[in-house]
Amino acid sequence: MKLPPLFEEKMRELLKDEFPDYIACYEEPRYYGLRVNTGKISVSEFERICPFEIRPIPWVENGFYYDGDTVFPSKHPYYHAGLYYLQEPSAMTPASRLPVLPGERVLDLCAAPGGKATELGAKLGRDGVLAANDLSSSRAKGLLKNIEVFGIGNVIVLSEEPGRLKKHFSEYFDKILIDAPCSGEGMFRKDKKMAKAWEEHGPEFFSPIQKGLVLQAAEMLRPGGLLLYSTCTFDGRENEQVIEHLLEHFPEFTVLPVEAYEGFAEGMPEVSESGDERLKDTVRIFPHRMKGEGHYVALLKKGEDKGGSGAAGAVSFRETAAGKGRLPEELAAFFGELDVLFEKSRIDIRGEKAYYMPEGLPDMRGMRFLRTGLLLGELKKKRFEPSQALAMYLKKDECRKTIDFSSQDERVFRYLKGETLEVCDLAGQDAAGWHLVCVDSYPLGWGKLAGGMIKNKYLPGWRLC
């Protein structure tokens with residue numbers, strides 16, 4: 001692979017004796033990875049049922065390599081059931097090193113296409129709130145789909161300038177992840193077009209953007225909260241110097257050691273302006289040391305924990321919901337078919353659509369949203385139509401009416417294409433109406449059963465061609 005001469009010169013100076021090994025790695029094939037959705041399935045169970053060969057990624061508990069030349073995981077029904085996300089192995093590192101707990105308030109500031117956000121949401125479970133933001137509205141649409149496929153319901157998906165976000169979320173979040181837009185030097189082997197893009201927009205273009213993002217995020221993090229900053233580039237101006245910039249403007253931040261792995265390299269204070277030795281606790285991932293591409297990761301804590309979670313001024317949804325009073329009869333009747341609790345006070349009905357909202361959100365009027373909460377479905381002329389997002393949120397045993405296909409059944413693919421299916425041979429057809437359609441007990445979407453036939457309700461925009 002032909003690399004930009006200026007880039008080669010810079011890497012020769014950065015790596016010194018290791019430079020020949022680094023250059024040699026471009027002759028090696030890239031690595032392919034998938035990350036198990038632990039919100040839906042355990043790692044051990046996935047290993048048991050996985051239909052193709054996988055090998056553990058040693059520094060990511062739920063990450064695996066697969067052979068991208070012979071295996072196509074995106075074509076398997078388990079992918080459409082949200083059991084895993086396809087992600088470059090090194091790119092799994094940032095979200096794996098941010099210790100998220102159920103019930104916390106978490107922000108992924110630059111979230112599209114969703115590789116980090118889906119992992120953060122899986123860690124949260126159904127408690128707390130995940131705010132996933134991307135400035136590009138087109139990219140945010142893909143982000144929303146990936147979040148819904150993963151079954152994450154306690155979410156707000158935004159497409160906002162971070163400067164506007166901080167006005168609404170001052171000291172609100174417990175954890176923030178910034179996978180910052182960058183010059184992409186660590187991805188040249190994976191995507192050769194990145195080298196050409198680097199020549200047009202290099203580190204000098206991205207560094208001011210990154211410094212702005214990290215300061216804006218600092219204002220949205222509560223005292224005692226954790227911030228993880230990452231890039232897929234090698235340049236000190238985008239890595240150590242950004243952390244140095246944060247420490248200068250917010251001296252209450254401290255750099256925390258990142259959970260180690262034998263292939264990780266420590267940060268390089270020598271590429272910063274101050275030579276701050278604390279930067280050694282950040283991590284660099286080089287492709288000649290690891291079976292993955294290039295990355296940088298820094299974990300920081302903001303001051304001391306004063307107790308509690310989130311900002312003053314955050315108010316419970318119970319105090320602000322428009323959807324008060326009795327539930328519509330058709331929605332209540334549908335809930336009667338489920339074995340999962342939805343608190344009435346958190347249900348928000350806007351026009352025909354019903355949402356299940358996270359608790360403790362601040363006043364967000366005027367912000368650009370793609371989704372607030374879990375879309376439950378639509379109320380239409382005295383009937384309720386459940387959403388695709390609700391199907392993916394549920395577990396099979398939480399719905400009393402289900403149709404379960406084997407992954408070997410060709411009807412699974414016909415379902416994913418939107419076809420009406422005959423299901424007379426399957427269990428679970430003793431009652432007409434809405435059924436949760438599953439593959440090997442993992443939900444795919446809805447169908448409406450009548451006379452041994454399932455009328456397909458799989459979301460049209462998700463259907464296979």
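By convention here, the first residue in the shown sequence is residue 1. No experiment lies behind these values; they were computed from the predicted model shown. Hydrogens, waters and symmetry mates are skipped; everything else that's a heavy atom, side chains included, is used.
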> Between K190 and E293, does at least one N-O distance fall below 4.0 Å, as a salt bridge requires?
Replying inline: no

> Got more than 12 heavy atoms from elsewhere within 6.0 Å of CD, E200?
Replying inline: yes

>> Rounded at 0.5 Å granularity, tell me how far NE2 in H168 sits from CG in L158.
In response: 9.5 Å

>> Counting the benzene-type ring for Trp, do Y415 and F405 have ring centres under 6.0 Å apart?
In response: no

>> For F19 and Y22, take the angle between the two ring planes, folded into 0 to 90°, and tell me which bin it lands in: parallel under 30, tilted 30 to 60, perpendicular over 60.
In response: tilted

>> Between T231 and Q210, do the side chains contain a donor N or O and an acceptor N or O under 3.5 Å apart?
In response: no

>> Within the supplied structure, the quantity of interest is the number of heavy atoms (other residues, nucleotides, ligands) at a distance under 6.0 Å from K291 NZ; does it exceed 12?
In response: no

> Got a donor-acceptor contact below 3.5 angstrom from the S406 side chain to the Q408 backbone?
Replying inline: yes

> Is the count of non-hydrogen atoms from other residues, nucleotides or ligands lying under 6.0 Å from E61 atom CD greater than 12?
Replying inline: no

> Roughly how far apart are Y66 OH and I57 CD1, rounded to 0.5 Å?
Replying inline: 10.0 Å

>> Using a 3.5 Å distance criterion without hydrogens, assess whether the side chain of R97 forms a donor-acceptor pair with backbone atoms of E259.
In response: yes

> Taking the side chain as C-beta and beyond, is there a heavy-atom pair between N239 and T282 under 4.5 Å?
Replying inline: no

>> Closer than 4.0 angstrom, basic N to acidic O: yes or no for D348 and K353?
In response: no

>> Measuring only between side-chain heavy atoms, which start at C-beta, is Y32 closer than 4.5 Å to D67?
In response: no

>> Apply salt bridge (charged side-chain N to carboxylate O under 4.0 Å, His left out) to residues K280 and E277 and explain how you reach the verdict.
In response: CA-CA 6 Å; K280 284 187 176 180; E277 288 294 308; 3.1 Å; yes

>> Under 4.0 Å between a side-chain nitrogen and a carboxylate oxygen: does that hold for E119 and K116?
In response: no

>> Less than 6.0 angstrom separating the ring centers of F188 and F7, yes or no?
In response: yes

> Do S137 and R368 pass the side-chain contact (heavy atoms from CB on, under 4.5 Å) test, and can you show the C-alpha distance, the side-chain angles, and the key distance before you say yes or no?
Replying inline: CA-CA 9 Å; S137 59; R368 291 189 298 175; 5.7 Å; no

> More than 12 non-hydrogen atoms from neighbouring residues, nucleotides or ligands closer than 6.0 Å to CD on E13, yes or no?
Replying inline: no

>> Can you tell whether the side chains of K167 and E160 come within less than 4.0 Å, N to carboxylate O?
In response: no

> Any donor-acceptor pair under 3.5 Å linking the side chain of S207 with the backbone of P203?
Replying inline: no

> Under a 4.0 Å N-O cut-off, is there an ion pair linking D409 with R411?
Replying inline: yes

>> Could you check whether F72 and F52 have their ring centres less than 6.0 Å apart?
In response: no

>> Under the criterion side-chain contact (heavy atoms from CB on, under 4.5 Å), I'd like the reasoning laid out for Y458 against K417: C-alpha separation, chi angles, the key distance, then a yes or no.
In response: CA-CA 8 Å; Y458 191 61; K417 291 179 179 180; over 6 Å; no

> Which word best sums up how the rings of H288 and F286 line up, parallel for under 30°, tilted for 30 to 60°, or perpendicular for over 60°?
Replying inline: tilted

> Parallel, tilted or perpendicular: which describes the rings of W59 and Y261, with under 30° parallel and over 60° perpendicular?
Replying inline: tilted

>> Does atom OH (Y79) have a neighbourhood of more than 12 heavy atoms from anything else shown, all under 6.0 Å?
In response: no

>> If you define the side chain from C-beta out and look only at heavy atoms, does anything of L165 sit under 4.5 Å from M367?
In response: yes

> Between K395 and E398, is there a side-chain N and carboxylate O pair less than 4.0 Å apart?
Replying inline: no

> Does E185 use its side chain to pair, donor to acceptor, with the backbone of D235 at less than 3.5 Å?
Replying inline: yes

>> Centre-to-centre under 6.0 Å for Y65 and Y31, is that the case here?
In response: yes

> How about E8 and I23: do any of their side-chain heavy atoms sit closer than 4.5 Å?
Replying inline: yes

> Is the side chain of S159 donor-acceptor paired with the backbone N or O of D134 at a distance under 3.5 Å, no angle test?
Replying inline: yes

>> With a 3.5 Å distance limit and no angle check, can you tell me whether R105 reaches the backbone of D174 through a side-chain donor-acceptor pair?
In response: no

> Step by step, would you call C50 with E47 a side-chain contact (heavy atoms from CB on, under 4.5 Å)?
Replying inline: CA-CA 5 Å; C50 184; E47 288 183 281; 6.0 Å; no

> Are more than 12 heavy atoms from other residues, nucleotides or ligands located less than 6.0 Å from atom CD of E53?
Replying inline: no

>> Taking the side chain as everything from C-beta on, heavy atoms only, tell me whether K75 gets closer than 4.5 Å to F413.
In response: no

> How about K196: does its NZ atom have over 12 heavy atoms from other parts shown lying under 6.0 Å from it?
Replying inline: no

>> Using a 3.5 Å distance criterion without hydrogens, assess whether the side chain of E104 forms a donor-acceptor pair with backbone atoms of L101.
In response: yes

> Got a donor-acceptor contact below 3.5 angstrom from the R189 side chain to the C25 backbone?
Replying inline: yes

> With under 30° as parallel and over 60° as perpendicular, where do the rings of H245 and H249 fit, or are they tilted in between?
Replying inline: tilted

>> Could you check whether any side-chain heavy atom of F206 comes within less than 4.5 Å of a side-chain heavy atom of R237, counting everything from C-beta outward?
In response: no

>> Before you tell me yes or no, could you show the steps for E88 and R30 under salt bridge (charged side-chain N to carboxylate O under 4.0 Å, His left out), namely the whole-Å CA-CA distance, both residues' side-chain angles and the distance that decides it to 0.1 Å?
In response: CA-CA 9 Å; E88 190 279 315; R30 59 164 290 193; over 6 Å; no

>> Using a 3.5 Å distance criterion without hydrogens, assess whether the side chain of K175 forms a donor-acceptor pair with backbone atoms of L228.
In response: no

> Which atoms form the tightest heavy-atom contact between I152 and A117, and what is the distance?
Replying inline: CD1-O, 4.3 Å

>> To the closest 0.5 Å, what do you measure between CG (L14) and CZ (F234)?
In response: 8.5 Å

> Looking only at heavy atoms, what is the nearest atom pair of F46 and I54, with distance?
Replying inline: CE2-CD1, 3.9 Å

>> Can you confirm whether R289 sits close enough to E18 that some side-chain heavy atom of one is under 4.5 Å from a side-chain heavy atom of the other?
In response: yes

> Within a radius of less than 6.0 Å around CD of E204, do more than 12 heavy atoms belonging to other residues, nucleotides or ligands occur?
Replying inline: yes

>> What I want to find out is whether K16 reaches E270 closely enough, with some N-O distance under 4.0 Å, to be called a salt bridge.
In response: no

> Do any N or O atoms from the side chain of D108 and from the backbone of A132 form a donor-acceptor pair under 3.5 angstrom?
Replying inline: no

>> Please find the pair of heavy atoms, one from M392 and one from P443, that lie closest to each other, and give the distance.
In response: CE-O, 3.8 Å

>> With a 4.5 Å cut-off on side-chain heavy atoms, are L247 and L300 touching?
In response: yes

> Do T372 and Y355 have a side chain donor and acceptor closer than 3.5 Å?
Replying inline: no

> When you check the side-chain N and O atoms of S407 and D440, is any donor under 3.5 Å from an acceptor?
Replying inline: yes

>> Can you confirm whether the side chains of S96 and R35 place a donor and an acceptor under 3.5 Å from each other?
In response: no

> When you look at L109 and Q216, which way does the side-chain contact (heavy atoms from CB on, under 4.5 Å) test go after all the steps?
Replying inline: CA-CA 10 Å; L109 188 58; Q216 290 163 336; 5.7 Å; no

